Colleague: 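Quick one: the structure is below, questions incoming.
Predicted model only: the values in this text are computed from it and were never measured. Counting convention: from 1, in listed order, for ligands and their atoms alike.
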Amino acid sequence: MKTSSKRRAIRSAAAPAVTQFPGSFPLIKRGHATYWPDLLDDHDSIASLDENLMDKFIIRGGNPLVGTIRVSGAKNAALPAMAASILTEEPVILENIPDVRDIRTERSLLQSMGAEVELAYGGDVHRTSLCCRNLSNPEAAYDLVKTMRASTLVLGPLIARTGRARVSLPGGCAIGARPIDLHIKGLERLGAKITQEHGYIEASAERLHGGQITFDKITVTGTEDLMMAAALADGETVMENCAREPEVSDLASLLNKMGAHITGAGTSTIKIRGVKKLGGAHHRIIPDRIEAGTFIIAASLTGGDLTVADCDPSHLGALFNKLQECGVAFSFNADSVSITNGHTLKAADISTEEYPGFPTDMQAQYMALATQAEGSTVVTENIFENRFMHAQELVRMGANIRVEGRRAVVRGRTPLSAAAVQCSDLRASASLVIAALVAEGETVLDRVYHIDRGYERIEEKLRAVGAQIERIGELFPKKSPSPVGVA
Ligand code: UD1
């Protein structure tokens with residue numbers, strides 16, 4: 001590919017801004033992304049690049065985080081809330097929807113079923129309006145489910161509303177097996193007939209009826225899926241051993257606005273009195289406690305004075321308890337947390353548990369913190385069997401971590417140095433970003449599409465409070481044309 005033709009392609013695109021990353025190469029900025037000019041060719045207009053990108057972050061460590069950083073709406077509350085729109089013909093309007101990839105995947109999923117979905121992002125307004133009056137195709141295809149496990153949240157609402165559902169089995173994922181047997185068992189208790197064929201679950205029911213469900217294991221999306229199904233069932237459902245996560249309570253609050261009768265969400269026992277029909281509603285999604293916790297850990301590690309705003313500190317109790325043990329100084333009010341500089345970090349063990357215990361979704365970020373604490377930290381992962389992928393990457397950056405089954409022992413205070421590292425899943429990526437913020441030199445973080453699934457423009461948010469972090473885009477390798485004469 002000749003350089004001149006690449007430059008032509010850049011010039012023909014709509015006035016991109018050229019910027020210079022400190023001390024290195026010229027980059028082209030467009031929207032939220034920055035592109036390497038040399039990777040463009042004749043066929044690429046910058047406007048059409050987004051679908052082709054394998055973005056990376058370049059992070060230069062050493063800056064404290066100072067100022068105010070704002071938390072977006074909770075992805076894990078927004079996903080079930082969007083699925084809940086299936087339960088009614090009327091429009092459901094959701095505010096505070098995060099601008100992340102998983103939300104766009106859910107939009108595609110709902111649209112593929114016949115739903116009308118509008119996403120509006122801009123300024124402080126992050127809103128989606130969903131209308132499922134025409135659900136012509138009650139199916140969640142493998143292509144979408146494999147990219148986002150939470151797609152299985154449509155199973156319960158589809159059976160309850162349309163009497164049938166065809167949903168691909170999600171298969172394994174980077175952090176473990178993650179079956180959905182408890183969703184299936186629960187739906188059978190409510191009268192659904194379920195078979196499995198060709199990698200799909202086929203479910204049907206004339207009409208669901210209430211029932212007694214005791215979860216063998218606490219499951220967040222399982223609790224949500226069945227709560228939605230039971231909301232439109234005949235009679236009362238009592239669910240025991242439910243997940244108590246704030247996202248479950250947020251969904252119950254939306255469903256009640258739609259006309260459901262749900263009590264006990266946020267406790268282990270949830271009671272649902274089914275209704276014949278649900279209506280539209282307007283609802284604001286709760287703040288993302290995991291994003292908030294990620295910024296709180298980043299500030300605790302890098303020093304500086306950071307206020308994490310628009311969050312709900314009451315959802316972060318387990319993290320606060322640990323940070324107190326670590327010697328981090330912080331204060332909070334109703335919707336923000338401030339972390340102040342000047343503490344020496346001390347090691348404190350964690351063991352992940354269901355809410356209100358220490359969240360598995362914060363384990364990786366906490367491990368990055370532990371690498372700089374005085375003493376050894378034992379990290380025990382109780383929720384997923386294979387959630388230490390970040391440990392190997394942290395070791396490549398100089399951390400001393402020994403993984404033994406579900407436990408990892410982190411010996412602290414090892415200086416971190418920049419390296420080329422790779423994201424393996426959403427929260428592992430956040431852990432590597434945090435580590436890179438205190439590593440010496442320039443870390444290149446590959447496969448940041450994982451982080452884009454659940455963090456809204458994390459690089460812009462961090463840069464605004466002093467971090468040196470840039471996104472660069474790289475094109476997937478182009479496919480060679482088929483050799484002549486070969487079909
Ligand atoms: C949700 C969150 C995810 C978080 C996880 C645990 C969303 C969209 N995702 O995932 O970010 O990491 O909770 O807090 O809210 N299990 C079964 N059978 C089932 C269902 C689950 O054995 O039918 C097991 C899982 O393998 C896992 C445990 O139960 O070991 C908890 O999983 P679950 O709470 O269901 O996680 P998700 O809801 O998928």
Side-chain angles (χ1 to χ4, degrees), residues 73-84 97-98 100-103 105-106 109 144-156 167 169-189 194 196 201 213-229 239 241-251 268 285-286 288-291 293-294 315 318-319 351-366 380-390 406 425-431 450-451 453-455:
K75 165 185 89 74
N76 285 355
L79 293 175
M82 288 173 79
I97 289 282
V100 297
R101 191 177 293 271
D102 273 9
I103 296 295
T105 306
E106 176 112 356
L109 176 65
L144 287 167
V145 177
K146 75 175 180 204
T147 64
M148 189 182 73
R149 240 193 76 84
S151 307
T152 50
L153 277 165
V154 299
L155 182 59
V167 174
L169 281 162
C173 81
I175 62 175
R178 306 187 78 178
I180 57 163
D181 56 310
L182 302 175
H183 300 229
I184 295 170
K185 260 198 208 166
L187 288 166
E188 284 174 338
R189 297 291 294 211
I194 298 185
Q196 193 186 314
I201 292 165
I213 296 166
T214 303
F215 291 103
D216 296 339
K217 196 169 179 180
I218 296 175
T219 158
V220 178
T221 48
T223 302
E224 293 165 344
D225 203 9
L226 287 159
M227 193 162 71
M228 289 188 275
M239 305 200 301
N241 201 26
C242 294
R244 290 179 283 164
E245 269 69 0
E247 293 76 18
V248 174
S249 307
D250 197 43
L251 176 65
S268 304
I285 298 293
I286 54 170
D288 196 314
R289 63 195 165 96
I290 306 299
E291 188 196 18
T294 301
H315 295 160
L319 176 64
S351 188
T352 62
E353 284 163 29
E354 296 86 0
Y355 190 85
F358 193 95
T360 174
D361 284 355
M362 289 295 309
Q363 178 258 104
Q365 301 90 315
Y366 186 86
T380 308
E381 173 55 58
N382 293 309
I383 309 293
F384 294 111
E385 69 266 29
N386 187 27
R387 207 173 195 179
F388 284 136
M389 310 267 275
H390 45 282
R406 285 187 175 238
D425 68 70
L426 173 56
R427 308 304 171 185
S429 325
S431 149
H450 284 293
I451 209 162
R453 287 188 53 197
Y455 288 86

Colleague: Do ligand 1 and Pro179 have nitrogen or oxygen atoms that lie under 3.5 Å from each other?
Modeller: yes

Colleague: As a check for students: among Thr219, Ile290, Ile184, Asp216, identify the option with a heavy atom nearest to atom 35 (O) of ligand 1.
Modeller: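 Checking each option, the heavy atom nearest atom 35 (O) of ligand 1 is found in Thr219.
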
Colleague: Under the side-chain contact (heavy atoms from CB on, under 4.5 Å) criterion, do Lys75 and Leu79 qualify, and how do the steps go?
Modeller: CA-CA 6 Å; Lys75 165 185 89 74; Leu79 293 175; 4.0 Å; yes

Colleague: Within a 6.0 Å radius of atom NZ on Lys146, are there more than 12 heavy atoms belonging to other residues, nucleotides or ligands?
Modeller: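 Result for NZ/Lys146: enclosed.
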
Colleague: Using heavy atoms and a threshold below 4.0 Å, how should the contact between Phe384 and ligand 1 be classified: side chain, backbone, both, or neither?
Modeller: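 Near ligand 1, Phe384 shows its side chain, while the N, CA, C and O stay back.
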
Colleague: Report, in ascending order of atom number, the atoms of ligand 1 lying under 4.0 Å from any heavy atom of Arg149.
Modeller: 39 (O)

Colleague: Which atoms from ligand 1 have a heavy atom of His183 less than 4.0 Å away?
Modeller: 23 (O)

Colleague: Under the 3.5 angstrom rule, does the side chain of Asp225 hit a backbone N or O of Gly156 as a donor-acceptor pair?
Modeller: yes

Colleague: Any non-hydrogen side-chain atom of Arg244 less than 4.5 Å from a side-chain atom of Glu354?
Modeller: no

Colleague: If the threshold is 4.0 Å, N to carboxylate O, is there a salt bridge linking Arg453 and Asp425?
Modeller: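 Between Asp425 and Arg453 there is no salt bridge, as every charged N stays at least 4.0 Å from the carboxylate O atoms.
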
Colleague: Arg387 vs Thr360, test: side chain to side chain donor-acceptor pair (under 3.5 Å). Steps then yes/no.
Modeller: CA-CA 9 Å; Arg387 207 173 195 179; Thr360 174; 2.7 Å; yes

Colleague: Any N or O of Glu224 that comes nearer than 3.5 Å to an N or O of ligand 1?
Modeller: no

Colleague: Using a 4.0 Å cut-off to any heavy atom of Arg387, which atoms of ligand 1 qualify?
Modeller: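 What qualifies from ligand 1 is 12 (O).
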
Colleague: Does Gln365 form a side chain to side chain donor-acceptor pair (under 3.5 Å) with Ser431? I'd like the steps, not just the answer.
Modeller: CA-CA 4 Å; Gln365 301 90 315; Ser431 149; over 6 Å; no

Colleague: Kindly indicate whether the side chain of Pro246, heavy atoms from C-beta on, has any atom under 4.5 Å from the side chain of Tyr355.
Modeller: yes

Colleague: Just which atoms of ligand 1 are under 4.0 Å from any heavy atom in Ile180?
Modeller: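 Atoms satisfying the 4.0 Å criterion: 19 (C), 23 (O).
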
Colleague: What atoms of ligand 1 come closer than 4.0 angstrom to any heavy atom of Thr221?
Modeller: 7 (C), 8 (C), 15 (O), 35 (O), 37 (P), 38 (O), 39 (O)

Colleague: For atom 12 (O) of ligand 1, which of the options Asn382, Ile383, Leu182, Asp361 provides the nearest non-hydrogen atom?
Modeller: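 The option holding the nearest heavy atom is Asp361.
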
Colleague: Would you mind listing which atoms of ligand 1 come within a distance below 4.0 Å of any non-hydrogen atom of Ala150?
Modeller: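 Every atom of ligand 1 under 4.0 Å from some heavy atom of Ala150: 8 (C).
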
Colleague: Can you list the ligand 1 atoms lying under 4.0 Å from a non-hydrogen atom of Thr360?
Modeller: 6 (C), 12 (O), 14 (O)

Colleague: Counting heavy atoms only, which of Lys75, Arg427, Lys217, Glu353 comes nearest to atom 24 (C) of ligand 1?
Modeller: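 Answer by nearest heavy atom: Lys217.
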
Colleague: Quick check: does any side chain N or O of Glu247 sit under 3.5 Å from a backbone N or O of Asn76, one acting as donor and the other as acceptor?
Modeller: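 No, the answer is negative, given that no donor and acceptor are paired below the 3.5 Å cut-off.
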
